[in-house]
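First the structure, in the form of structure tokens, and then the observations on it.
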Amino acid sequence: MSMGKVALLAIYAILAVLAFAQGGTDVGIWSQRILLIVAAVHVVEMAVFYRFCRDAGGSMPAHLLSLFLFGVLH
């Protein structure tokens, strides 16, 4: 796994912990917002790059999951 993917997973984990542990505070609210925005952007990205994932061969669900988690780093 590349360093970029590891860094993104670490950022997601930090944001998730902040969102759950600090739920009612500004930090928790902004962490939730950032995670939702990133998820929405990656869903759009999955739609845009669907054809590339289909043509790539291999496991389509794995490609889409990787694209959802890592975006164009996949």
Side-chain angles (χ1 to χ4, degrees):
M1 188 175 290
S2 71
M3 289 302 293
K5 289 181 179 181
V6 172
L8 279 176
L9 287 176
I11 290 169
Y12 294 155
I14 291 167
L15 287 171
V17 167
L18 288 173
F20 288 115
Q22 303 289 326
T25 66
D26 288 340
V27 172
I29 292 168
W30 276 104
S31 296
Q32 291 173 358
R33 289 178 183 167
I34 291 169
L35 286 172
L36 287 174
I37 290 168
V38 168
V41 168
H42 284 228
V43 166
V44 170
E45 196 171 36
M46 285 171 57
V48 170
F49 289 106
Y50 180 81
R51 182 176 296 152
F52 293 109
C53 289
R54 185 186 65 209
D55 295 341
S59 173
M60 183 67 160
H63 284 305
L64 291 176
L65 177 64
S66 292
L67 189 58
F68 180 75
L69 290 175
F70 306 117
V72 295
L73 288 178
H74 169 62

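Only a predicted model underlies this, so the values are computations on that prediction, with no experimental measurement involved. Side chains included, hydrogens not; waters and symmetry mates left out as well; all remaining heavy atoms used.
Connection of Val6 to Leu9 is established within a shared hydrophobic cluster, with ILVMFWY side chains joined at heavy-atom distances below 4.5 Å, either directly or through further cluster members. The same ILVMFWY cluster, assembled from side-chain heavy atoms under 4.5 Å apart, contains both Val43 and Leu65.
In this structure, CE in Met46 is found 10.5 Å from OG in Ser66, a value given to the nearest 0.5 Å.
Residues forming a ring pair (Phe, Tyr, Trp, His ring centres under 6.0 Å) with Phe52 (at least two apart in sequence, or on another chain): Phe49.
Counting side-chain heavy-atom gaps under 4.5 Å among Ile, Leu, Val, Met, Phe, Trp and Tyr, Met3 is found in no cluster with other residues.
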Under 3.5 Å, sequence neighbours excluded: what are the donor-acceptor pairs made by side chains of residues 10-39?
| from | atom 1 | to | atom 2 | distance (Å) |
| --- | --- | --- | --- | --- |
| Tyr12 | OH | Leu69 | O | 2.8 |
| Thr25 | OG1 | Gln22 | O | 2.8 |
| Thr25 | OG1 | Gly28 | N | 3.3 |
| Ser31 | OG | Val27 | O | 2.8 |

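Residues Tyr50 and Leu67 fail the side-chain proximity criterion, which asks for heavy atoms closer than 4.5 Å.
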